Structures are given as structure tokens and as C-alpha cells.
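This report concerns only the one structure given below.
Numbered from 1 within each chain, the chains take letters A, B, ... in sequence-line order. What you are looking at is a predicted structure, and each value in this text was computed from that prediction instead of being measured.
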Number of protein chains: 2
Amino acid sequence: MSKRVTINDVAQAAGVSRQTVSRALNDKGEIDAGTKQRVLDAARELGYRPSRFARGLVRQDTTTIGLVIPDLLNPFFTEVAAGALEAARARGWHVIVYDTADSVDTERGTLEVVASQVDAVVGYFSLDEAELDTHLSGLPAVLIGREHRTPRFSSIRIEGAAGVREAVDHLVAKGHRRIGMLDYAGRAKPNSRRAWFADAMAAHGLADDAVGGAVQSVDGGTEALTSLLTKHPDLTAVFTFNDIIAIGALRAARRLGRTVPDDLAVVGFDGLQLGTVVDPALTSVALDTRRVGALAIEQAGRLLTDSPLLPDEELQVNAVLVIRESA
Amino acid sequence: MSKRVTINDVAQAAGVSRQTVSRALNDKGEIDAGTKQRVLDAARELGYRPSRFARGLVRQDTTTIGLVIPDLLNPFFTEVAAGALEAARARGWHVIVYDTADSVDTERGTLEVVASQVDAVVGYFSLDEAELDTHLSGLPAVLIGREHRTPRFSSIRIEGAAGVREAVDHLVAKGHRRIGMLDYAGRAKPNSRRAWFADAMAAHGLADDAVGGAVQSVDGGTEALTSLLTKHPDLTAVFTFNDIIAIGALRAARRLGRTVPDDLAVVGFDGLQLGTVVDPALTSVALDTRRVGALAIEQAGRLLTDSPLLPDEELQVNAVLVIRESA
DNA sequence: TTGAAAGCGTTACCAT
DNA sequence: ATGGTAACGCTTTCAA
């Protein structure tokens, strides 16, 4: 790496002082047009580029937020990221996107780095709060889609009980009685979506006995539905942990010769744009993903400026049923 | 924004000097265990977080690369981004992702900011080189999927002539003679893909008269194929500018009662993972998108360190035909 | 219009 | 083991 060209080099080349160079480069006025041009020429000549660190040190106004997501290739996270980027841009903030490659180890490493690179962090984390705290060493953080127990963190809550209830209501209204679920296989503890579904089924007095686990991928959904239907061939509808799995389920149904929605109704969760691309278009309990990202940024901003935080009820994003073609 | 806690505050609280604080926080050794603990406690107590600017200023080793893409929601760019992130992480570099919202104005604004935030930039730009240069003011830049004319820039070239030729060969081998193309409508000048297709058709002595323009979206593809088939109902196959448009075409074919691939063969371009999700799975002239991102990062790194640049022939990514179900 | 001096918060180097 | 001093590169007073 060749030695860095500094403002002093430019000053010397142009035969002026540093401060004059600074003025010329920042359009400060109070400078002779000729001098300015001379400085600009010298700067270009030398390939001078101001150090962002030195600049940041002096003017403390650059806010950078870290956005941590498990997988850039998962459209759900991309949609959330898009919302966050948009909200951040509106405030003139920067966003550094970190992809933890869905691995806990990578997450640890990432957090270590994140902590020294940004002013606040928002996103999806899998570490527990205690460990998160040690890696983050005081960095303001907003957890998405996950409750926080310690006041140390803030979080955006996904509320889907009503939406899932809507979905089951819809299925029941269509005459379905045997409704299964494709849950997420990767998580040890029972998750909210599973519970929401159980509640909704109970409300209709229906048996909630046909539940399979799916890996978080299209292929995972395909495999999971195939084996679920083997065990429970009488199912006429299935609710899935998310749209990715649902899309895999769509494919499995097709391969098994079941027409969707006539022979099997499928309802996903998330309401991804991707769901409009497949055929039949996916009926889904939809989240406003952009809003999720925007809220996280908003709250991070408040954390950063010690402004009053958003109240809990505003930190919640409600899912609603979006009926398309698959159910 | 409350006043910043500096290393001096911690030093004072712990009753030691700045340097000692620095040692304690950076695990430097040469420090008494008790002192270290005292410093750590004080730091935690005060909520001290080192300034990344001051740090960056003194240790000149943090490399940050800007990745500019038109649209985070477009899976093609996401795949490239994933490749870039991975390559950057392997080198211990940071990547800031910028989304230009597919707008030239946003691109201008973004570049202005980018220039003062990163050490180098890679990505997709729509501005011409002259304007790019003024906004970037000397920042090393790697343009993806686009030739550069001035030595000022470097670029990653997408070479699809052979792949498209393969695709047309394949279609012809299957008996197709009337093959149309859904080109990208947004670009004024004839683009490479259009030319590659024309050449491939010419090589077979086939008429290249059925070409429509599509907006860059699934809906765009649907509309475009619909109108193309209205004009040229005799088409039995169609090649599209990219997979997104191809997926829209798939949907249009279905709506028009044409079975794919029997009544109409469809070949996309890009080879997105998304193409395996739709039904029938998309046959496509595929690019190694991860490699595109990785190459861009590699070249940016060389630009940055004044290492010998990658030679032109290595800066090229070749597309190859991937046969799935749609053709 | 221009320049000199004083920081911004941190780490490296050299004493002690 | 600890502290003093000098950078790092830039912008912001304040004088001239």
C-alpha cells in the first residue's frame, strides 16, 4: 500500500495551507476562485481522498447502523433489509449489512466486529442476551422478531395470533377440518407460530395432531409435506411456518398429484413478494416486512439520541391474512 | 445526544492513564490483572465505547468496501452481493451495501456519500464514466457487467455469447424453428444479450424477427410475452433477457393455456436459484453469480493495495446453459 | 481571502 | 507494569 496522500501534500503542491485546501474541497466559500481551482487541480493530480476517519473524528455527525441478518439469500430478510435501508437513508444514516451465514460462530465473530464499526445494531440474533451483551459491549441494539428480557435491549415484536386465527377461520369456512402444520424444525423450543396455530385450531374444536418439522428452505418444505401427507393422508389443508416452506409444500403437492387449492389448501406465513410469483399464488399470513425494518431503524435512532423510545405497542407488527390462490 | 464518554473519562474513573486503559481494553498484556479488572469495570460502568474514527485513524488497517446495487429485492443482485460479502469476510473487510433504488438521482446521491465512507466501491452503476468519475473523486471502482472505456475504472465482464449459443442450439435440436426473444425494455441501446441471441439465430439461419421488450419484473415478463405471442402466435420457444422476466413469461404461458415446455419452451438468463422454485423449473443461461461478486471484491482489493490487477481474461464470467424443465 | 493553532479520541513508541 | 508524548488527518475557531 503506497503512502497515503494527505491534505498536507495537496497544500504543499498547491502552495497553500491545509485549511485552504479544506475550504476548497468542502465548498466553504471565502476563498479565491483561482486558488480554489489550483487546489482542486492539485488534489486531482495527486489522487487525494480525504480520510473518512479523520473526518469522522472531527465532525461527529455520521451515524452508521449495523444490520445483522442470517442470510442475504433469504427473501424474507432481504425485504426487511430493504425497509431498514430505506428508513436509514431517509435520515441520512448509513447501514452496514452483515450476513451471519446462519451460523452461531459466524454470529459471534460478526458481533465482535460490528461493535467497533457502528453506532447501533439492529437485526436477527440467535445468541442469548447475556452473550449478546458481552460481544456488543454496550452497543445499542434492537432485536427483531424476538422478545427481550433485559432492559439492556429493545425489540420489535411480531404479533401473528390474530392473523393465524384469520387463516384457520378462512380454511374452516372453506370446509376444511383436517388441517396440518409444517413447523420449523430448527428451533428446539415451541415457537409462537406453532402456538398461534394450536390456539386457532382449539378455538374451532379441531384436532391439532398433524404437525411436521421442516428445514428452512424450499426443499425442506417439499420433503416435510411429503412425509406429513404420508402419515396423515386425510389432510385437506396445511399451514406452514413461513412462505419459503410453503413454496416447497406447493411443489410437493404438485408432485404427489394433489391440486392446490382443490385437493390441498396451503397457507404460508410472512407474505413475501415471492408468494405472488409461484403458481398458484400463495395465500399467506402476511407481515409488513418493510415496516419491520423501518421500525427497527427508528428505535435504534431513539436509542442513539436518548430520545424517548417507541412504546411497546408501536413496536409491534401485526400479521394479517392475505388471500391469494393457494387457499 | 449526551456527551461522549472517552478513554480519558475511563482513565480518570479508574485512576490510571489512557494508555493503561487502552492496554486493558485491547488485551495487550503487560498489565496487572487487578488494574485491568478495575479498568474494565470502570469502562462498563461508564458505558464507554471506543470511537471507531479515532481507532481507524491510528491503525490504518480497516478496509471497507462499498457495494452498490440497484435493488436489494432483486434476487440477482442479492446473489452477487452474497458472493461479495463472503469474499470480503474472508479477507476481514467490511462491506457497506447501498441500494440505489434503481434511480439515477438516488445513484448520484449515493455515490457522493459512498465516496467519503469507503475505501473502494464495486457494483452496478448506470451513470456514464465521466460523471461517475466526478462523483467518485478518485475512489477505486470496479464496474460489474459493463465495459469500461477509461483506464480509470476496472470491470467484471459477463460473457454470454457461448452460453446463448448453447441455448439456441439446444432449442433447435429440440426441433424449434420459430424462436422469439423478450428483451429488456429499459435500455436505449442494443445490449449484449440481444446481440448474442441475434448471432446465435443467424448461425442457424433462423429469422430473428420476433423480439419484444419487457419491463424488469415478473409482471413485465407476463405482459411482454402476452403481447409477443399476440403478434407472433407461431412462436414455439422464447429466450428472455433474464430469469425474472422468464418467470413472468412462464406465468403468461400458463394463462394463455400453453403448456411449458411442450407448447412453448422458455429459456432465461442468469441461472438464479429462484428458477428452481418455479414450476416447471427454469432452463437458463446461467452465471456463477457468487463468483461475480467475489471477483469484484478481489479486483477491488488489488486496486486498493496497488497489487497487480487481475488480467482481463480472469475478469470474465462465462455463462453456460443449465437445462432444467422449461426447455 | 488566507493562515496558525487547537483540538477530535485513539494507539505506538519510548521512558521510567 | 505504567505513564508521557507524539502522531494519525482533518476541520474549526480565531487572527491577520
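- Residue A:Asp32 contributes atom CG, which lies 5 Å from atom P of C:dT2 at whole-angstrom precision.
- Rounded to an integer number of Å, the gap from B:Asn8 CG to D:dG4 P is 11 Å.
- Close to C:dA12, at under 4.0 Å from its OP1 or OP2, lies a side-chain N or O of B:Lys28.
- Note on B:Thr20: every side-chain N or O is 4.0 Å or more away from OP1 and OP2 of D:dT2.
- When the options B:Leu139, B:Thr63, B:Val95 are evaluated for a side-chain contact (heavy atoms from CB on, under 4.5 Å) with B:Val118, the one that passes is B:Leu139.
- Counting atom types as modelled, B:Arg52 pairs no side-chain N or O with a base atom of C:dG9 as donor and acceptor under 3.5 Å.
- Side chains of A:Arg52 and B:Thr64: a donor-acceptor N/O pair is present below 3.5 angstrom, by distance only.
- Among the nucleotides C:dC8, C:dT2, C:dT10, the one closest to the side chain of A:Ile31 is C:dT2.
- Minimum atom distance to the side chain of B:Ile7 is reached by C:dT11, of the listed D:dC10, C:dT11, C:dG3.
- Residue contacts for A:Lys36: at a heavy-atom cut-off of 4.0 Å it reaches no nucleic acid atom on any strand shown.
- Nearest-nucleotide positions on DNA chain D for A:Phe53 and B:Val16 put B:Val16 closer to the 5' end.
- Between the CG atom of A:Asp27 and the P atom of D:dT12 there is a distance of 13 Å, rounded to whole Å.
- The distance between atom CZ of A:Arg23 and atom P of D:dC14, rounded to the nearest whole Å, is 14 Å.
- Between B:Glu129 and B:Glu147 the shortest heavy-atom distance is OE2-O, 3.8 Å.
- Between the CD atom of A:Gln19 and the P atom of C:dT2 there is a distance of 12 Å, given to the nearest Å.
- For the pair A:Leu57 CG and C:dA6 C1', the computed distance is 13 Å after rounding to whole Å.
- With 3.5 Å as the limit, one finds no donor-acceptor pair spanning the side chains of B:Asn8 and B:Gln12.
- Side-chain N/O atoms of B:Arg18 and base N/O atoms of D:dG4 include no donor-acceptor pair closer than 3.5 Å.
- Here A:Arg291 contributes atom CZ and A:Asn318 contributes atom CG; the two are 7.5 Å apart, rounded to the nearest 0.5 Å.
- Rounded to whole Å, atom P of C:dT1 lies 16 Å from atom CD of A:Gln37.
- Atom-to-atom, CG of A:Asn26 to C1' of D:dC10 comes out at 9 Å; the value is rounded to the nearest Å.
- Comparing C:dT11, D:dT2, C:dT2 by their closest approach to the side chain of B:Thr35 singles out D:dT2.
- Closest to the A:Ser17 side chain, of the nucleotides D:dC10, C:dG3, D:dG3, is C:dG3.
- A:Ser22 has a side-chain polar atom (N or O) that falls below the 4.0 Å cut-off from OP1 or OP2 of D:dT11.
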